[in-house]
Amino acid sequence: MIVLPSPAAGRPGQRVPDAGSAAPARVRHGGRAGVDDGAYRLVLCWSEQIDCVRTAGQARRERADGYRFLLPLDGELTLVQDGREARLRPGTGGLVTLAEPFRIGIASGHGPGPVRPQDGGRRDGSARAFVMTIPAREMDRRLRRPSPVATGLDLSAGLGRVVADMVRAVGEERRALSAAQFDAACDRITELLCVIVAERRRPAAPGHLAEVEAVVRRYVREHATEPGLTGAAVAQDLGWSLRQVQLALQHAGTTPRELIREERLRLVRDRLRNPQDRDVTITDLAHAAGFSSASALSTAFRRRFGVSPRELRHAAH
């Protein structure tokens, strides 16, 4: 049995200790390589057979409030949480909450092959899986409620395949990514993952509303810096009524005002992390992103990200 490390474990460029050091452990020729930049974490796990457990005691003591997204690459995962069990194979994925105990079993069903030093000692035939830790606020805010356990997510086609490909790409390029780039990529992955989870638990939107929502989101992202951007302005420019825009976004769990604020805050966050904008004042960033003042930006920014713009800039540089 392996007790999963806390989300703080595994720094960039550092190899996470072999799981065999945990006791009692049943691991052969296994290991983990990971990256931990900011709030997100992405770990590649491999072994012939692993039992990963988060106990009820850990859940109570650590009070973690995040999620883990599971993406099997080879072999098969057995996921158990909240009395439910699912078997995940390549092309599927699962989501578990760190607030509750769970067990993840990884078994490839193949015997051990020769050691591959170029892959950190992994043997041919061993199971592999990416495990992405996502802060609760990033999921719950987008879903407007704590996410349920989601198992059997289809990652073989459509948006699911896009998410799986992005996770693999970030994992493969982890050494070439800065902390800001890593967080930005994980933000996009989380945003798309929330779309998949949300669609599983709500009735399908009428075709017209779904189209309106997609167009509105793209328009707001492209015009977020305009000071006069409002729901009414968006509707007028796109040729729809404000009610149509409101209904489309309501079905997606948001409002025009919330969507505009979110895009502006993400724009400011990206610029705070960008070394090229290091000398731009917080006041100038606020005005450039459509906020009335630095104070208004700071209040909204702290409420959204838990830190002030100045604190985030200091941490990024």
Without swapping roles, check the side chain of [X] against the backbone of [Y] for a donor-acceptor pair under 3.5 Å.
X	Y	result
T92	L88	no
E263	I260	no
E173	V170	no
R264	A289	yes

In residues 279-286, what donor-acceptor pairs under 3.5 Å come from side-chain atoms, sequence neighbours left out?
unit_1 : atom_1 : unit_2 : atom_2 : d
T281   : OG1    : D284   : N      : 3.0
T281   : OG1    : D284   : OD2    : 3.2

If hydrophobic clusters are built by linking Ile, Leu, Val, Met, Phe, Trp and Tyr wherever their side-chain heavy atoms come under 4.5 Å apart, do [X] and [Y] end up in the same one?
X	Y	answer
F182	V167	yes
L312	L297	yes
V162	L155	yes
L238	L242	no
L192	I189	yes

From [X] atom [atom1] to [Y] atom [atom2], the distance as rounded to the nearest 0.5 Å:
X	Y	atom1	atom2	value
Y67	T133	OH	OG1	13.0 Å
D187	D183	CG	CG	6.5 Å
T230	Q236	OG1	CD	8.5 Å
S156	R161	OG	CZ	8.5 Å
C186	F69	SG	CZ	11.5 Å
Q250	L209	CD	CG	10.0 Å

Test item: [X] and [Y] side chains (from C-beta on) under 4.5 Å apart, heavy atoms:
X	Y	value
I134	R68	no
V212	V216	yes
L249	T254	yes
L42	R174	no
T190	M132	yes
V215	W240	yes
S241	Q244	yes
D277	L272	no

TODO: Could you check whether the rings of F305 and F301 sit parallel, tilted or perpendicular, using 30° and 60° as the cut-offs?
DONE: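 The arrangement is tilted - the two ring planes meet at 30° to 60°.
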Minimum heavy-atom separation for [X] to [Y], with atom names?
X	Y	result
A129	P72	CB-CA, 3.9 Å
V163	L193	CG2-N, 4.2 Å
R271	A288	NH1-CB, 3.7 Å
A185	M166	O-CE, 4.3 Å
P256	V245	CG-CG1, 4.2 Å
A233	G228	CB-O, 4.0 Å

Open item on the list: In this structure, is the centre-to-centre distance between the rings of Y219 and H223 below 6.0 Å?
Closed with: yes
Open item on the list: Taking the basic N atoms (NZ, or NE/NH1/NH2) and the acidic carboxylate oxygens, is any pair closer than 4.0 Å for E213 and R217?
Closed with: yes
Task: N-O pairing of R303 and E258 below 4.0 Å - done: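 Judged by the 4.0 Å cut-off on N to carboxylate O distance, R303 and E258 do not form a salt bridge.
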TODO: Let me see the working for F130 and V43 under side-chain contact (heavy atoms from CB on, under 4.5 Å), right down to the final yes or no.
DONE: CA-CA 6 Å; F130 274 120; V43 178; over 6 Å; no
Task: Pair E226-R221, salt bridge (Lys or Arg N to Asp or Glu O under 4.0 Å): steps then yes or no - done: CA-CA 11 Å; E226 298 178 6; R221 183 163 294 176; over 6 Å; no
TODO: Go through the steps for L95 and M139 under the test side-chain contact (heavy atoms from CB on, under 4.5 Å), then give the verdict.
DONE: CA-CA 11 Å; L95 189 69; M139 294 287 297; 3.5 Å; yes
- [ ] Taking salt bridge (Lys or Arg N to Asp or Glu O under 4.0 Å) as the test, write out the residues that go with E262, two or more places apart.
- [x] R141, R304
Task: Over 12 foreign heavy atoms within 6.0 Å of CZ, R168 - done: yes
Task: Within residues 308-317 or reaching into it, pairs that qualify as salt bridge (Lys or Arg N to Asp or Glu O under 4.0 Å) - sequence neighbours excluded - done: R302-E311
